[in-house]
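Each remark here refers to the structure printed beneath this line.
Counting convention: from 1, in listed order, for ligands and their atoms alike. Because the structure is predicted, anything quoted here is derived from the model rather than measured.
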Amino acid sequence: MIDIQAVRNDFPILHQNVNDHPLVYLDNAASSQKPLQVIDAVANYYKEDNANVHRGVHRLSQRATDAYEGARSKVRGFLNAASDKEIVFVRGATEAVNLIAQSFVRPMLNKDDEILISHMEHHANIVPWQMLCEQTGAKLKVIPMTMAGDLDLSTLDDLLNERTKILAVGHVSNALGTVNPIKDLIKKAHAKDIPVLIDGAQAVPHLTVDVQDLDCDFYVFSGHKMFAPTGIGALYGKQSLLDDMPPWQGGGDMILSVSFEHTQYNELPYKFEAGTPNIAGAIGLGAAIDYMQGLGISKIAQYEHDLLVAATEKVSAMDGIRIIGTAKEKASVLSFMIDGVHPHDVGTIFDQQGVAIRTGHHCAQPVMQFYGIPATARASFAFYNTMEEVDALVSGIKKVQELFA
Ligand SMILES: Cc1ncc(COP(=O)(O)O)c(C=O)c1O
């Protein structure tokens with residue numbers, strides 16, 4: 001069992017009142033809170049070790065480099081990648097998808113080739129591919145979805161064809177919470193020699209991820225949704241693929257030697273890390289991984305599952321509520337509509353009760369178009385949430401219904 005009170009004591013931000021109510025933070029899918037262990041790791045880096053990495057012979061630079069590279073090893077262990085060379089630090093999932101689009105896919109893309117995504121992707125896993133299609137004349141294809149919020153795989157065999165140059169799909173949907181059957185999708189794509197990128201932004205805070213077991217070619221995520229600072233994330237790529245890819249951005253650190261005639265690029269993973277990286281962010285990400293592993297990721301998953309099941313049961317039992325996204329396999333997210341009330345009004349009334357939820361299209365406008373709605377209200381859970389906070393969600397809905405009765 002997770003000791004929730006002890007865990008909550010690690011998160012100073014949770015202990016405050018908002019609009020004279022104790023804060024109930026249910027917007028974890030947008031960005032999660034940071035434990036003292038992460039805050040201290042970042043602060044201690046600036047207090048004790050701050051220097052640039054890889055270039056200095058002096059002690060601070062060596063310590064900063066050790067901490068930065070140590071964080072890379074932690075990410076490798078977290079994803080069970082085979083080598084640190086397969087872990088590239090990036091700003092977040094968005095930057096990682098753009099990197100793969102431009103460096104891996106673009107060089108092999110011809111007019112009329114196809115890129116396959118799904119209907120429930122976050123804009124970060126749609127727009128970079130659309131831009132690539134505009135640049136090359138390739139076509140964007142979409143795996144459809146069902147009303148329950150599952151992928152509709154009935155046409156997958158046709159969608160994966162000799163023109164498909166990559167399948168890029170989310171592990172967990174941020175708008176619906178659906179956990180997609182990615183291992184199966186990867187197997188099917190690989191049977192046709194199609195590489196696969198998994199957007200794991202909503203999966204890593206909640207589920208154990210093993211990239212070798214999944215056999216995905218690329219896996220991307222953001223630190224700030226998994227209790228680490230903003231502005232840091234990671235791209236996992238199979239070494240054989242990363243080795244053959246050209247660098248994405250040029251600059252310092254990604255080179256071995258530079259002359260006006262010729263530049264020799266650095267080895268992996270530095271080839272993809274041009275310029276001074278987010279050293280403090282990487283160290284914070286490493287601390288967040290330590291924190292999650294200290295709790296046990298399977299325990300986190302079980303506890304959050306219990307919260308989600310309880311919330312789903314309680315909210316579905318209420319009149320005038322439509323839950324958006326009722327897939328069997330879900331993680332963390334409960335999206336809903338209250339009859340006759342715009343989700344933005346729902347969010348505002350919740351805020352008056354001290355309850356932070358997300359309202360809007362969640363950067364997944366095609367999902368909203370699919371359901372014919374402008375937006376949803378979304379509660380999303382983390383391991384520091386409690387059953388009492390599930391009840392606060394239910395009370396918030398009642399309050400909205402009373403005000404709009
Ligand atoms: C599923 C998914 N993919 C990608 C992203 C983009 O993450 P970031 O903005 O941190 O790059 C998000 C953020 O909400 C997301 O939920």
Exercise for the section: Could you label the plane-to-plane angle of the Y68 and F89 rings as parallel, tilted or perpendicular, counting under 30° as parallel and over 60° as perpendicular? Expected result: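 Taking F89 first and then Y68, their aromatic rings sit tilted (interplane angle of 30° to 60°).
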Exercise for the section: Quick one: sort the F350 and F336 rings into parallel, tilted or perpendicular, breaks at 30° and 60°. Expected result: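 Because their plane-to-plane angle lies in the 30° to 60° range, the rings of F350 and F336 count as tilted.
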Exercise for the section: State, yes or no, whether a side-chain contact exists between E304 and L308 at a heavy-atom distance under 4.5 Å. Expected result: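 E304 vs L308: side chains apart.
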Would you mind listing which atoms of ligand 1 come within a distance below 4.0 Å of any non-hydrogen atom of [X]?
X: A124; value: 4 (C), 6 (C)
X: S222; value: 7 (O), 8 (P), 10 (O), 11 (O)
X: N174; value: 16 (O)
X: T94; value: 6 (C), 7 (O), 8 (P), 9 (O), 11 (O)

Looking at [X] versus [Y], is the centre-to-centre ring distance below 6.0 Å?
X: F227; Y: Y291; answer: no
X: Y303; Y: Y384; answer: no
X: H123; Y: H361; answer: yes

Handout entry: Option nearest atom 15 (C) of ligand 1 (shortest heavy-atom distance, choices R358, H171, H224, H122)
Key =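 Answer by nearest heavy atom: H122.
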Practice task
Return the option from N125, T230, D199 holding the heavy atom at the smallest distance from atom 4 (C) of ligand 1.
Solution key: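 Closest candidate by heavy-atom distance is D199.
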Practice task
Answer with side chain, backbone, both or neither: which part of R91 has a heavy atom less than 4.0 angstrom from an atom of ligand 1?
Solution key: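 Contact part for R91 vs ligand 1: neither.
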Exercise for the section: Assess K225 for proximity to ligand 1: is some non-hydrogen atom of it under 4.0 Å away? Expected result: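 Distance cut 4.0 Å: K225 passes for ligand 1.
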Exercise for the section: Please confirm whether E95 comes within less than 3.5 Å of ligand 1 when only nitrogen or oxygen atoms on both sides are compared. Expected result: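 Among all N and O atoms of E95, none is under 3.5 Å from an N or O of ligand 1.
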Handout entry: Exercise: do N385 and Y25 side chains pair donor with acceptor under 3.5 Å
Key =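 There is no such pair between these side chains.
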Handout entry: Closest protein heavy atom (residue, atom, distance) for atom 16 (O) of ligand 1
Key =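 For this ligand atom, the closest protein heavy atom is Q202 NE2, 2.7 Å.
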